[in-house]
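I have placed the structure first, in the form of structure tokens, so that the comments after it can refer back to it.
So you know, we letter chains A, B, ... as the sequences are listed, proteins then strands, and number each from 1. Every heavy atom of this structure was used, including side-chain atoms; hydrogens, water molecules and symmetry mates were not.
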Amino acid sequence: MDRIDRRNFVVGSAAAAATMATGPVLAQDAYPSRPVTFVNPFPPGGAADVVGRPFATAIEPFLKQPAVIDTKAGAAGAVGAQYVASAKPDGYTLLLHIVSISGFAEVDILFGREPKFTRDSFIPIARFTEGPMALVVNERQPYQTLKDLVDDAKKRPNGILFSSSGLYGALHLPTALFMQAADVQMRHLPTAGGGPALTALLGNNAQVLVSSIAAINAQAKAGKVKALACFSSKRAASMPDVPTMKELGYDIEFSLWVGLFAPKGTPDAVIKRLRADARQAVATPAFGKAIDNLGDVVAYLDQPEFAKFWDVDAKRVESAVRSIGKVAG
Amino acid sequence: MDTVFDSLLLGFSVALRPDVLWFAFVGCVVGTLVGMLPGIGPLAGISILLPLTFGLDATKAIVMLAGIYYGSQYGGSTTSILLRIPGEAASVMTCIDGNAMAKNGRAGAALCIAAVGSFVAGTFGVIVLTLVAPPLAGFALGFGSPEYTALLVLGLIFLAYMSTTSLTRTLLMAALGLLLGTIGIDMMTGHFRYSFGIAELGDGIGIIPVAVGLFGLGELLATPSRQVTSNVTSPRLRELLPTREEWRQSAMPIARGSVLGFLIGIIPGSAHIISSFISYALERRISRQPEQFGKGAVAGVAGPEAANNAASTGAFVPMLALGLPTGPVIAVLMAALLIHGVPPGPTLINDHPNVFWGFVASMYIGNLMLLLLNLPLVGVFVNLLRIPYAYLYPLIIMFCVIGVYEVNHSIVDVWIMLIFGGVGYALKKFGFDPAPLVLGLVIAPIFEMSLRQSLIMSDGTWTIFLERPIALALLLVSAALLTLSAISMLGRDWRGRLKEAARSE
């Protein structure tokens, strides 16, 4: 057996170093050549996280590189979005975000602040899932139908309390759209997240909550909360008896979708590769099963359709932000 | 009673299967590591390992992930005691007397007591969980914003008993902490407060960077200006173990900490952090030698460590019985259950008895595993202190920086830690105790939120706090405590002043 003497060692190390140095240069035309980071802008357990982790596991075999989830939570998803908006647009830093991504710029405008990023800062790649949402009330409340609730809310403006995951958040926006459409006023009880919002409803400290069906389905089955209407275009498979807002005469549609975004300026070739890989990842049975278990629906949209959908959806979100307006206090 | 016993038998038949046992073990080992490394808290640990469980069934997944969670509560005490770095917010109080014990050469004893205290509290928590989870969960739901506000008022009153320095200094520090806690987005109106255009400050100042800065870094910076003599010389086995006297002193604090921690733990929200603070204050209040606290009182380690472990077990009650998360870690565990097709909620026990009882039974086994895992490690860890300071301290600073960065991947947090390291140094030099500052920072955002939520609920009427029985009871206890301490303080002062006056004449 050869002994490794010093000269051989030096030559070997130099060769290794040379390979390492040339590696990234060669790799420039072969994206991806190193791990791809998916930024999750919400705390672990949030919508982007629970969809993002099965997605990262599913896309790894197609990327042929590790898919890493990097949690950059803060300011209801604004910190992570801003981080990706200003990241190098090379396809190695991508953003998982939800419906509320459209609202940040509008909120900044409302407060007279310069928006740190807008919708134009991102290239949409794909939408993965749609979480149908429902308006639920505490079981101890007398409301049997949405009409009961609307009638009572008309009788006592600001008398009924609704909880949410936070101001201008993904649970507050659809509630605002509903109040606008039904021309009623309810009092807002903001909390620190979806869990605390549900806790407030179950303890009867708030009477109304708009939530993803996934988060309240177990409570509804146990009879602790009653769903009065859902916000999707069709009735939800898990709640076939609950009418849609449209059926009840309110022209509102809202869902908790999760999509993938790249920063503006990412090369077309990279986007193309990501679209292809994302399509395959979403179609895997493992991803489908995970989403199914969560109570969400795989609702894949490729870039062209997603961009079109996002334009329409952003109009709704912006209108909801404006209808909430600036809160006095 | 029979049904509980039968169910538990079913649980053990699941939990003792070799494959389930293996995953419980993996969870406990990872949890211990995660708890010891500052920064990589249970939240990050669990979410990183979550994808690994996609191939497993729901029981194994939850057994392993939960093991990481309660295992990290064991490990958290190690760095606090040895290096005075709180691995997580709940270990802040362990730093004080635990590290003082280590400096007196009793590091082994402190680690042993922390491990045993955690074991007792964890097991107590699981037993109560087994027997009375559903009714307790109902109690937890009764805890709305007004009750929360009252609880935090009580927490603030306890502040007076918490510190080892004078009352004035304690209150000054607490006020500073409360003020720092107002930094961030106003949850009710969306306005940024004192954020200077830094988006990261929108969420306020994190507890971990402040605690690590004040306790860990501040201590390190102050060390070179002192004569340092290391008391730790090749420890013998007998010196590693607590003495009989130390056991005796820690028995009651462990018992009290277990009950207190569990009760606070089942309340949904982030109040469980204050369980270790309140336990410390309580032990100091009822101790016969309160002057020993801060100088290595065994009760100051035993109580908070037990409280913090019991709270982490208590936190499972609302999740298992109601499907409600008590905090971010539990939210991730719930998401894990959901992904595996087991929706946590009021029907969990009936729909998936295997998962529920298997999980509960695995916690009995996991706690035992953790004890067996942690006790032999005590000897290994104590040797850390034999590393000369010239090598150890730069390493600690590196761990502080990496650890704090890892929590949110935020460079702003590192700056906060460095600044508070300087603050911690100054406080130490001027004889201020940083613990009340941390408690103020913990309480301020939750207190403000629940106070304002209560007032939204009542449409601005303050009597809401007197109309709800739990809130009223808590406020009455606070008032009683305040009166008692005022009377005793006045009394002492009068006598003291009289004596002084007599002497000077």
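Inspection of the A:Gln141 and A:Asp152 side chains reveals no N or O donor paired with an N or O acceptor under 3.5 Å. If you check the side chains of A:Ser164 and A:His188, you find a donor sitting under 3.5 Å from an acceptor.
Each of A:Phe42, A:Phe38, A:Tyr83 was scored for a ring pair (Phe, Tyr, Trp, His ring centres under 6.0 Å) with A:His97, with one residue passing: A:Phe42. Under the ring pair (Phe, Tyr, Trp, His ring centres under 6.0 Å) test applied with B:Phe359, the options B:Tyr70, B:Phe316, B:Tyr69 reduce to a single match, B:Phe316.
Neither the backbone nor the side chain of A:Lys221 comes within contact range of chain B; no heavy atom of the residue lies under 4.5 Å from a heavy atom of that chain. Within the 4.5 angstrom heavy-atom criterion, atoms from both the backbone and the side chain of B:Ile339 approach chain A. Neither the backbone nor the side chain of A:Pro196 comes within contact range of chain B, judged by heavy atoms closer than 4.5 Å. Heavy-atom distances place no part of B:Pro445 under 4.5 Å from chain A, backbone and side chain included. Contacts between A:Val50 and chain B at a heavy-atom distance below 4.5 Å involve backbone atoms as well as side-chain atoms. The contact between A:Leu161 and chain B is made entirely by side chain atoms (from C-beta outward), counting heavy-atom distances below 4.5 Å. Of the two parts of A:Thr191, the backbone and the side chain both hold a non-hydrogen atom closer than 4.5 Å to a non-hydrogen atom of chain B. Contact annotation for A:Thr199: both backbone and side-chain heavy atoms come within less than 4.5 Å of a heavy atom of chain B.
Residues of residues 282-290 of chain A lying under 4.5 angstrom from chain B, judged on non-hydrogen atoms, are A:Ala290 by number. Heavy-atom proximity under 4.5 angstrom to chain A picks out B:Pro51, B:Phe54 from residues 51-58 of chain B. For residues 455-465 of chain B, a heavy-atom distance under 4.5 Å to chain A picks out B:Ile456, B:Met457, B:Ser458, B:Asp459, given by residue number.
Side-chain atoms of A:Val297 and A:Thr129, non-hydrogen and from C-beta on, never get closer than 4.5 Å to each other. Considering only heavy atoms from C-beta on, A:Leu95 stays 4.5 Å or farther from A:Leu260 through its side chain. Inter-residue side-chain proximity for A:Leu201 and A:Gln219 is flagged as unmet; no heavy-atom pair is nearer than 4.5 Å. Within the 4.5 Å cutoff, side-chain heavy atoms of B:Ile416 are placed close to those of B:Val210. Annotation: side chain of B:Leu338 is in contact with side chain of B:Pro344 (closest heavy-atom distance under 4.5 Å).
In this structure, A:Lys72 places its NZ atom where more than 12 heavy-atom neighbours from other residues, nucleotides or ligands lie under 6.0 Å away.
Legend: residues meeting salt bridge (Lys or Arg N to Asp or Glu O under 4.0 Å) with A:Arg187, ordered by chain and number and at least two apart, are absent.
A cation-pi arrangement, defined by a distance under 6.0 Å to the six-membered ring centre and an angle within 45 degrees of its axis, is present between A:Lys326 and A:Phe111.
With respect to the salt-bridge test (charged N to carboxylate O, under 4.0 angstrom), the residues B:Arg193 and B:Glu448 qualify.
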